[in-house]
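Each remark here refers to the structure printed beneath this line.
Order of listing sets the numbers, starting from 1, for every ligand and every atom in it. Just so you know, these numbers come straight off a predicted model, no measurement behind them.
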Amino acid sequence: MKIHEYQAKQILSGYGIPVPKGGVANTPEETYNLVESLGGSAVVKAQVHAGGRGKAGGVRLVSSPSEAAEFASSILDTSLVTFQTGPDGVPVRKLLVEEAIDVAKELYLGVVIDGAAEGIVVIASEAGGTEIEEVADSSPEQILRAVVDPVLGFQPHQGRGIAYGLNLDASLIRPVAALIENLCRAFKENDCSLAEINPLVITGDGRALAVDAKLNFDDDAMFRHSDLNEFYDAEQEDAGEVEARKYDINYVKLGGSVGCIVNGAGLAMATMDVVLSGGAEPANFLDIGGGADEDKVAQALNIVLSDKTVDLVLVNIFGGILRCDVAARGFLMAAEAAPHTIRPMVVRMLGTNADEGRRILSESSLDVTLVEDLGGAAEAIRAAIGA
Ligand code: GDP
Ligand code: MN
């Protein structure tokens, strides 16, 4: 789950991480008043669940309340497209209005789970700010890493090591080391999948301040954090993903044109590879889960077909707990409810009641190509897209 910058800053400031003074505005008038209360100059920032706002015009330094109100009218209730959003962008409903910070240096600080390191990793760089992706590509030596031992936890010397590595002034070593430790604590206690401060600003008068903040949470741990649910903002998320969440279907929207419906997460990953080997790109990851009934299968197909970029649907069902005839009936159920949305399907079914499932589909009016195995699925995709 993602949350807004202003919410992340609220959480982080509870962990003793310094953030700029400010408030949230929903209208140009509120923006005007906040800027006035901050003394006339401020930074006004679109609150969306995506980074890259600075480059996309979503962050504006203003020098008067009326300039701020004008910017607010131009951006509120529009959608902001950044390099991290799709072409439709995400709606801007709130603005964060903060005191303008005198920036001497921009650092990068992030905490993630690294599968290869088998644990939590702290990443930091002296070259923070909006170009961090390029820094990571072109000068990886500027990226510092520290692996947090899962048993010992974060060690104070690791914080000092990173702070020294960032070439900070002696007076900043302790506060930055403490800030890194606090960020790790926030990450762990809230079951984050990402905690990022970019930029962590060193101000002209020598303080360290989180000028931007991003926290993502592990969805599978949300049951332990009911207090975080109030931060969920469905409007910022992909409509298909919001729908899938309701039915407990694992769905992630991707960029290609072949929709995927699969039971099992590992099989769903392998199925995406099949799409690629067929010369196309997957439109989504979808795992229906083991105990699906007809209704849930129908919902899964509805969700995949609600994506207008899907030209073809690849179904890969390994019938175990979910029987193949149940899956087939679910597809027919979706087709009957919304026949105009149906697109051609390539179906591989194996396992419990596979023959019955295949019979149901081949006797239906659906445009189905039944295949025997994954090689056959790749071939059918290649034929369908004319590659
Ligand atoms: P992002 O582009 O979505 O990551 O949004 P950020 O919150 O990181 O803002 C983008 C950039 O705007 C930052 O990297 C800073 O360079 C700049 N910026 C944001 N707030 C301030 C501020 O208070 N003072 C100054 N001088 N620059 C700021
Ligand atoms: Mn940023």
Completion exercise
Protein N/O/S atoms closer than 2.8 Å to the Mn ion (ligand 2) number 2

Handout entry: Taking every non-hydrogen atom, the tightest pair across Glu106 and Gly129
Key = OE1-CA, 3.4 Å

Practice task
With heavy atoms under 4.0 Å as the rule, classify the contact between Asn198 and ligand 1 as side chain, backbone, both or neither.
Solution key: backbone

Practice task
Answer with side chain, backbone, both or neither: which part of Lys45 has a heavy atom less than 4.0 angstrom from an atom of ligand 1?
Solution key: side chain

In a table with atom names and distances, give each donor-acceptor pair under 3.5 Å that connects a side chain of residues 308-329 to protein atoms at least two apart or in another chain.
residue : atom : partner : partner atom : Å
Thr309  : OG1  : Asp307  : OD1          : 2.6
Thr309  : OG1  : Asp307  : OD2          : 3.4
Asn316  : OD1  : Arg348  : NH1          : 2.8
Asn316  : ND2  : Thr271  : OG1          : 2.9
Arg323  : NE   : Asp325  : OD1          : 3.2
Arg323  : NH2  : Asp325  : OD2          : 3.1
Asp325  : OD1  : Asn353  : ND2          : 3.1
Asp325  : OD2  : Arg329  : NH1          : 3.0

Which of the atoms in ligand 1, numbered in the order shown and given with their element, are less than 4.0 Å from a heavy-atom of [X]?
{"X": "Ala100", "result": "23 (O)"}
{"X": "Arg53", "result": "1 (P), 2 (O), 3 (O), 5 (O), 6 (P), 7 (O)"}
{"X": "Gly51", "result": "3 (O)"}

Problem - salt_bridge(Asp205, Arg207) N-O dist < 4.0 Å - result: yes

Practice task
Scan for salt bridge (Lys or Arg N to Asp or Glu O under 4.0 Å) pairs involving residues 255-271, sequence neighbours excluded, and state none if there are none.
Solution key: none

Practice task
Would you list the pairs meeting ring pair (Phe, Tyr, Trp, His ring centres under 6.0 Å) in which at least one residue belongs to residues 35-72, sequence neighbours left out?
Solution key: His4-His49

Shortest protein contact, [atom] (heavy atom only):
{"atom": "atom 21 (C) of ligand 1", "result": "Val211 CG1, 4.1 Å"}
{"atom": "atom 23 (O) of ligand 1", "result": "Ile101 N, 2.9 Å"}
{"atom": "atom 27 (N) of ligand 1", "result": "Val103 CG2, 4.0 Å"}
{"atom": "atom 2 (O) of ligand 1", "result": "Gly54 N, 2.8 Å"}
{"atom": "atom 10 (C) of ligand 1", "result": "Thr130 CG2, 3.8 Å"}
{"atom": "atom 6 (P) of ligand 1", "result": "Asp212 OD2, 3.5 Å"}

Exercise for the section: Look at atom 14 (O) of ligand 1 and find which of Glu131, Gln84, Glu106 reaches it with the closest heavy atom. Expected result: Glu106

Exercise for the section: Could you pull out, from Leu61, Ile197, Val59, the option with a heavy atom nearest to atom 9 (O) of ligand 1? Expected result: Val59

Exercise for the section: Step through the shown structure and confirm whether more than 12 heavy atoms of other residues, nucleotides or ligands are within 6.0 Å of CE on Met222. Expected result: yes

Exercise for the section: Tell me, yes or no, whether the heavy-atom count around Asp248 atom CG, taken from other residues, nucleotides or ligands under 6.0 Å, exceeds 12. Expected result: no

Fill in the blank from the handout: Exactly one candidate in Arg93, Gln236, Gln7, Lys94 meets side-chain contact (heavy atoms from CB on, under 4.5 Å) with Gln47; the answer is Lys94

Is there a donor-acceptor contact under 3.5 Å linking the side chains of [X] and [Y]?
{"X": "Ser63", "Y": "Glu67", "answer": "yes"}
{"X": "Tyr247", "Y": "Asn302", "answer": "no"}
{"X": "Glu243", "Y": "Tyr251", "answer": "no"}
{"X": "Glu237", "Y": "Tyr232", "answer": "no"}

Handout entry: Derivation and outcome, salt bridge (charged side-chain N to carboxylate O under 4.0 Å, His left out), residues Asp233 and Lys2
Key = CA-CA 8 Å; Asp233 185 350; Lys2 295 179 181 171; over 6 Å; no

Exercise for the section: Determine, counting only non-hydrogen atoms of the protein, whether one lies under 4.0 angstrom from atom 25 (C) of ligand 1. Expected result: yes

